[in-house]
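Letters go in sequence order (proteins before strands), and every chain restarts at 1. In what follows, every heavy atom counts, from backbone to side chain, and hydrogens, waters and symmetry copies are set aside.
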Number of protein chains: 2
Amino acid sequence: MIDPKHIQTFQEIVGKGNVYSDKAHLIAYSYDATRTRFEPDAVVFPRSEEDVSRILVYCNHHGIVITPRGAGSGFTGGALPANGGITLAMERHMNKILEIDMENMVAVVQPGVVNMDLQKAAEELGLFYPPDPASEAYSTLGGNVSENAGGMRAAKYGITKDYVMALRAVRPNGDIIRAGKRTIKDVAGYNVAGILIASEGTLAVLTEITLKLIPKPKFTKAYMGIFPSVEDAMNAVFKSLASGANPVAMEFLDSLVVQALKEKLGVELPESAGALLIGDVDGNVSQEVDFQLEILEASFRENGAQGFVIAEDGEARDKLWYARRNASPSITIFGSKKLNEDISVPRSLLPEALKRIYAIGEKYGFSVPCFGHAGDGNIHVNVMVDGSKPKELEDGHRAIEEIFELVVEMGGTLSGEHGIGTSKAPFMEIAFNPLELQLFREIKRAFDPNNILNPGKMGLPEHRDASRV
Amino acid sequence: MIDPKHIQTFQEIVGKGNVYSDKAHLIAYSYDATRTRFEPDAVVFPRSEEDVSRILVYCNHHGIVITPRGAGSGFTGGALPANGGITLAMERHMNKILEIDMENMVAVVQPGVVNMDLQKAAEELGLFYPPDPASEAYSTLGGNVSENAGGMRAAKYGITKDYVMALRAVRPNGDIIRAGKRTIKDVAGYNVAGILIASEGTLAVLTEITLKLIPKPKFTKAYMGIFPSVEDAMNAVFKSLASGANPVAMEFLDSLVVQALKEKLGVELPESAGALLIGDVDGNVSQEVDFQLEILEASFRENGAQGFVIAEDGEARDKLWYARRNASPSITIFGSKKLNEDISVPRSLLPEALKRIYAIGEKYGFSVPCFGHAGDGNIHVNVMVDGSKPKELEDGHRAIEEIFELVVEMGGTLSGEHGIGTSKAPFMEIAFNPLELQLFREIKRAFDPNNILNPGKMGLPEHRDASRV
């Protein structure tokens, strides 16, 4: 149990109603999308940057561990208090869109703002915030920045880091960091915003985010390429892009996902489809959209596509996208538990990578349906196991480890967009050598010498929380 | 004089012909575009990453200061050995384009490759490397990354950091840092590449750079908007962009520059021109180019433009761009020495910023012709003084300081693209508070605890080189 004197201090800082330490709340804040559990010792809802600073000063002094939390929708445990201590939850108060500056095309938000709320607010003004993680309806922008969230539109529009212009954050010693400016160019001082992005709340607590918005293109159409095999589809991905195609998204579904969509959801898909590529193209003029579709169709057909479907309007687009949107829920026909990883390799190596990933699955006797953001090289690999059989779970984790080794050997990364958190921390040694891991620890120490911010994540050292009695 | 035993060691590492310590070479390597001078004690040309690592290990052990150098074309002294020691010159050996990977649209280069050489190599393959600092014909990509170089195309295509996918670099202790991947998405570990960009060689020595290339748009036209006043032009900048225009470049020339172009170079420009906006628009289809020109013309005319010229082909484009290209050489009619700064403010504040910058010039009795990258908020401000009069020089520097204070007060930055180096170091305290400067020192210490890498830059601590006898 947390020492009541700490609770009292937190209440003095943020007000009585903004501190919880009862069991029900601790359980409620012990989850994220990983379905592992770590209970905090208290949940605190700061109302302002000043609250955050005062809490950090106090915790830094007393060795109390802090885990910042947005919506708790992460896939790798970034927002879970793996070392106990307090959860600093941004959802209740620090959830305002502070400004949309039309003249400079910039949004200033607090970290607890939900991604989709910003997308909608921008769209109402004719502007566009492109990063669209699958969790966009509930994940927060603070979480998006902390994990450098990606999404489907990354193929054309890039990822969260490409939109962060400036950050405000608080260091463990209470110092306010102002990093970046509301200007496109700024080269004064170290790029502190750059290192805070994707740092998973281990260096500082975000309190304000300034994001670039862009003009919303006026025309969009969807397309679907139908391929006899995964290899053909994967070749078409990098060859069409190298031919000058610049689609908003280029999403991949493999033959197992196609099978699952048909069997479980009755989705009508061509008999012969061994793999699909689905996406959008957009432009300010309709001719740009047609130009993109022509390159895609020509390149897809050269690489074996048997069909190319264009969806002109809203309803037809929704129908094409229905298959992609239901990939994840459909594949449970292959196993009660999915071990889901989001690897990324250079696009030209996708055909080889997929072939070898399937071979690893076969070796262990698992189905490994794959889908995802092929246009940027980021594939969601799902090792399907029977969750009730410990041997299968164990083998499944061994298969995952082999997949990570393969991906790193091919010049890829452990995580394209989900982050490392706790769930991928054991694999950091596959991707980084001891000297690189040492550098990460030294960067961590420069920002957080007492290791109170989200310790034990990303392969960084654990820290025993000192708040308990 | 440098202790001969160090020279001998350097010769053992890189070979005899790759170490100079004679006066002629020390003078040759004491300059950059700032026209201030700092002589190194030796110039060493590493042949490989391994050479770099061995040199750093040795210098780190002996407290010898190292300044990495590309072409020495920087405007703020980043490549000058302000604290003596050895200059590590990349131009001779580490100047190869190692690979252009067409399939993944990625270039891998050594730091000594000249920007334009990569642009040309990419273009020959139908690809495009957009960052185009004014020094593109001679500045190196290592320097571009170290200063996060901008350029004219930043309005549409962003700056150097937007193209860096991965870096290899060597820490002072000799450790090789591999940061980033040849993938669009990569969120494993801290974004070390992010903090190395714009770090001016103070954290590690770059040895390999992986850059994103993009498809080259097929159609380009140039435009010129003719405005009665600077204020009208500045309003047109942010209002046209907020209306959805996305020009490749939007360059600004003020009335003094227009006057200088006419008087000194006989450039034919409209009688009434109080300010000009010049730029390119591009697209994959001609309709996109026309779409952009329509938005620009409508928005420019709404904001007072008296003329809008479109240049369809190469020769006409060259003619329009001639005025912009000759802005810098023409303005010497206002004074023998220009104190040239590259401030950046949020675009909507450009009208107000320019008005107040001219007022500062008037107060001191100086002409302050301004031109530059208005489309991204980055303006080159030139305080013109008589370099032979000490009082004018002193007043000129005082005017520059007032301009920096103004810009920072308006939410802008000391430097949009030139960096801080030695020449802007005295102004860091205007832009950053003591806690932020302290954080910079702590980041520096995490990478370079003995402070041997380019000390005394960016307001970071000096370090007395220990190589002299």
Side-chain angles (χ1 to χ4, degrees), chain A residues 102-105 147-148 150 154 159 162 175 177-178 181-192 194-195 197-199 215 238 241-242 244 246 283-285 287-288 291 344-348 376-378 411-417 419-420 431-432 435-436 439-440 442-443 445-446 458, chain B residues 102-105 147-148 150 154 159 162 175 177-178 181-192 194-195 197-199 215 238 241-242 244 246 283-285 287-288 291 344-348 376-378 411-417 419-420 431-432 435-436 439-440 442-443 445-446 458:
Chain A
M102 293 278 291
E103 296 186 333
N104 294 296
M105 296 197 284
E147 303 292 338
N148 194 8
I159 56 180
D162 300 313
D175 288 359
I177 297 171
R178 302 167 308 162
K181 298 278 179 196
R182 200 177 295 199
T183 60
I184 291 174
K185 292 175 175 169
D186 173 23
V187 295
Y190 288 131
N191 177 15
V192 172
I195 197 92
I197 296 166
S199 68
F238 75 87
L241 296 170
N246 193 12
N284 295 312
V285 293
Q287 292 88 346
E288 167 69 15
F291 171 83
S344 192
V345 294
R347 290 185 301 241
S348 68
D376 57 51
N378 179 209
T413 172
L414 297 182
S415 179
E417 50 184 25
I420 300 298
F432 299 98
L435 302 174
E436 291 162 339
L439 176 62
F440 293 163
E442 288 167 23
I443 292 170
R445 206 177 301 130
M458 293 171 63
Chain B
M102 294 278 292
E103 296 186 333
N104 295 296
M105 295 197 286
E147 302 292 338
N148 194 8
I159 56 180
D162 300 314
D175 287 359
I177 297 171
R178 303 167 307 161
K181 299 279 180 195
R182 200 178 295 198
T183 59
I184 291 175
K185 292 175 175 169
D186 173 23
V187 295
Y190 288 131
N191 177 15
V192 173
I195 196 94
I197 296 166
S199 68
F238 74 88
L241 296 171
N246 192 14
N284 295 311
V285 293
Q287 293 88 347
E288 167 68 16
F291 171 83
S344 192
V345 295
R347 290 186 300 243
S348 67
D376 56 52
N378 179 209
T413 171
L414 296 182
S415 179
E417 51 185 25
I420 299 299
F432 299 98
L435 302 175
E436 290 161 341
L439 175 62
F440 292 162
E442 288 167 24
I443 292 170
R445 206 178 301 132
M458 295 172 61

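Listed options B:Lys181, B:Arg178, B:Arg182 were ranked by heavy-atom pairs under 4.5 angstrom with chain A; first place goes to B:Arg178. Each of A:Gly411, A:Gly283, A:Ala198 has some count of heavy-atom pairs under 4.5 Å with chain B, and the biggest count is that of A:Gly411. Annotation: maximal heavy-atom pairing with chain A below 4.5 Å, among B:Gly377, B:Ser348, B:Gly412, occurs at B:Ser348. Chain B forms the most heavy-atom pairs under 4.5 Å with one residue out of A:Thr183, A:Asp162, A:Ile159, and that residue is A:Thr183. No other option in A:Phe440, A:Tyr190, A:Phe238 has as many heavy-atom pairs under 4.5 Å with chain B as A:Tyr190. The choice from B:Gly416, B:Gly150, B:Gly194, B:Pro215 that makes the most heavy-atom pairs within less than 4.5 Å of chain A is B:Gly416. Most heavy-atom pairs under 4.5 Å with chain A, from the set B:Leu439, B:Asn191, B:Ile443: that is B:Leu439. Here A:Ala188 is the residue among A:Ala154, A:Ala446, A:Ala188 with the most heavy-atom pairs under 4.5 Å with chain B. Of all the listed residues (A:Asp175, A:Val345, A:Ile420), the one sharing the greatest number of non-hydrogen pairs under 4.5 Å with chain B is A:Asp175. Listed options B:Asn104, B:Ile184, B:Ile195 were ranked by heavy-atom pairs under 4.5 angstrom with chain A; first place goes to B:Asn104. Of all the listed residues (A:Asn378, A:Asn284, A:Ile177, A:Leu414), the one sharing the greatest number of non-hydrogen pairs under 4.5 Å with chain B is A:Asn284.
Contact of A:Glu436 with chain B is made through the side chain alone, with heavy-atom distances under 4.5 Å. For B:Leu241, the parts lying near chain A are the backbone and the side chain together; criterion is any non-hydrogen pair under 4.5 Å. Neither the backbone nor the side chain of B:Arg445 has a heavy atom closer than 4.5 Å to any heavy atom of chain A. Proximity to chain A (any heavy atom under 4.5 Å) is restricted, for B:Met102, to the backbone atoms N, CA, C and O.
For B:Ala242, the side chain to side chain contact (heavy atoms under 4.5 Å, CB included) test picks out no residue, with sequence neighbours left out. In this view, A:Asp376 and B:Lys185 satisfy the salt bridge (charged side-chain N to carboxylate O under 4.0 Å, His left out) rule, not counting sequence neighbours.
Atom CD of B:Glu417 sits about 12.0 Å away from atom CG of A:Asp186, to the nearest 0.5 Å.
With hydrogens and angles ignored, the 3.5 Å screen pairs no side-chain donor or acceptor of A:Asn148 with any backbone N or O of B:Val187.
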